[in-house]
*Asks:* 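Structure provided below as structure tokens; questions to follow.
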Number of protein chains: 2
Amino acid sequence: MEAIVNRSSSTKDRILGAAEVLFAQRGFEGASLRQLTAAAGVNLAAVNYHFGSKDKLVEQVFRRRLDTLNAQRLAALGNARESGNDRLEDVLDAFIRPALKLSHEDSGSLFMRVLARAFAEHDDSLRQFLSENYGHVMRQFTAEFARLLPHLSKEELYWRIDLVTGALTHAMSGFGMIQRKQDVSEGVHLEQTIQHLIRFAVAGLTHP
Amino acid sequence: MEAIVNRSSSTKDRILGAAEVLFAQRGFEGASLRQLTAAAGVNLAAVNYHFGSKDKLVEQVFRRRLDTLNAQRLAALGNARESGNDRLEDVLDAFIRPALKLSHEDSGSLFMRVLARAFAEHDDSLRQFLSENYGHVMRQFTAEFARLLPHLSKEELYWRIDLVTGALTHAMSGFGMIQRKQDVSEGVHLEQTIQHLIRFAVAGLTHP
DNA sequence: CGTATGCTCAAACGATCGTTTGAACGCCTG
DNA sequence: CAGGCGTTCAAACGATCGTTTGAGCATACG
């Protein structure tokens, strides 16, 4: 396998980059450390030296992206509340925009695939890791939705959030037929996509 | 590993049943033939004898459920068109009801997890198999949606179908927090869930 | 200069993977 | 009863997995 990452970056970063690509393509079990280290252009033993084990590497792949992603989400939610722009659209924007911006970066879309895989694989230790480290973000947004949709029962609200989450996960990981249009700039396309998802989510959350 | 299936059924059926369970729990690569045959209470070599290979077994696991599921979907769609009940709600009912009925059967919900995994794993041969064998169903429903939502551009329509599909896949595979209520009968719960999903899908597809 | 320290390397470890093999089994048919 | 056939069985195959090892290398510090 050919090296696919920048030779000038550090060994740790090259491993993380190659891991993100291969985990997205072949899954956590499907991507072997031999494929991974070959793609990163490092020695096989480097993963266990720098990360301890393959499982720890998986966690670091998530941490590298999710730490900043969820910090941005909470910051955007805080800004919305402070400035009084805390309609449903604004809360959804705070949730969706950071994720979509990431997925439009160089290899960010691959990470979204990795994240979708983590949903599909009901691996308990991985779910526990995600819940422990980032569960408070989802809880905070859920509380905000409950405040903005007071007429919905708790059960009804969970239903709708669950469906919206599924739609966003599915869309952002690029499963479907949606392709980026050729004749618009990156910034315009990103903004159009965000408005698309927000309008869809609003419709799903607010319908009678 | 303990046997988890009815000892009285045939070897082939016992393998298919155990495969569905283990593929849902551990994924296609994560479930080994040794775990699988042990759970089915059959010899290790039985899989290769009856199915040829592990990949062929995966295909048969899909076939056993999807053949009848998609036949029911097309039949329901045909009935709706004949009887004139072909509003958006009716088309969605034809699509959703057979899947939800399956997911409420004994081990049908496990199959829905398997199906969601197939979405997440971007395995080309598996996607090709599903597209070749069941792509015409999705195409027929898409055409029906296009007829009922003529004001939407093709791009817009695909967007919305994609989001709705993601929501349904996510919900039916039981990823989220949704649990069945204890105090209602099975039939009532099924009907409530169907109406839930249909209303959500209608809102997402028709919003301005 | 001598020697720690951090890192990389080839090689090997035991375990587990999907698959194949050839003998043994149960059962029906002639 | 004899023989063919479909099926099951324990055992082994080579390949690949994650991980460990110990030597070798470079750089920094006394």
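In what follows, chains are A, B, ... by sequence order, proteins preceding strands, each numbered from 1. Values reported hereafter were calculated over all heavy atoms of this structure, with side chains retained and with hydrogens, waters and symmetry mates removed.
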*Asks:* Is a side-chain donor-acceptor pair under 3.5 Å present for B:Tyr49 with B:Asn43?
*Replies:* no
*Asks:* Using whole Å, what does the distance between atom P of nucleotide D:dG6 and atom OH of B:Tyr49 come to?
*Replies:* 7 Å
*Asks:* Respond yes when some side-chain nitrogen or oxygen of B:Asn43 is under 4.0 Å from OP1 or OP2 of D:dT7, and no when none is.
*Replies:* no
*Asks:* For B:Asn48, which residues count as a side chain to side chain contact (heavy atoms under 4.5 Å, CB included) partner, sequence neighbours excluded?
*Replies:* B:Leu33
*Asks:* Can you pull the contact range of chain B along DNA chain C, 5' to 3', using atoms under 4.0 angstrom from its heavy atoms?
*Replies:* C:dC17 to C:dT21
*Asks:* Identify, between B:Leu44 and A:Leu33, the residue whose nearest nucleotide on DNA chain D lies closer to the 5' end.
*Replies:* B:Leu44
*Asks:* What pairs with A:Glu59 under side-chain hydrogen bond (donor to acceptor under 3.5 Å, both in side chains), at least two apart in sequence or on another chain?
*Replies:* none
*Asks:* Quick one: side-chain hydrogen bond (donor to acceptor under 3.5 Å, both in side chains) partners of A:Arg139, sequence neighbours excluded?
*Replies:* none
*Asks:* Apply ring pair (Phe, Tyr, Trp, His ring centres under 6.0 Å) to A:Phe145 and list each qualifying residue two or more places apart in sequence or on a separate chain.
*Replies:* none
*Asks:* For A:Phe141, what residues pass the ring pair (Phe, Tyr, Trp, His ring centres under 6.0 Å) criterion, not counting sequence neighbours?
*Replies:* A:Phe95
*Asks:* What residues, two or more places apart in sequence or in another chain, satisfy side-chain hydrogen bond (donor to acceptor under 3.5 Å, both in side chains) together with B:Arg97?
*Replies:* B:Asp93, B:Glu191
*Asks:* The criterion is ring pair (Phe, Tyr, Trp, His ring centres under 6.0 Å); which residues satisfy it with B:His50, sequence neighbours excluded?
*Replies:* none
*Asks:* Return the polar atom pairs (N/O with N/O) between nucleotides 21-23 of chain D and the protein under 3.5 Å, or none.
*Replies:*
none

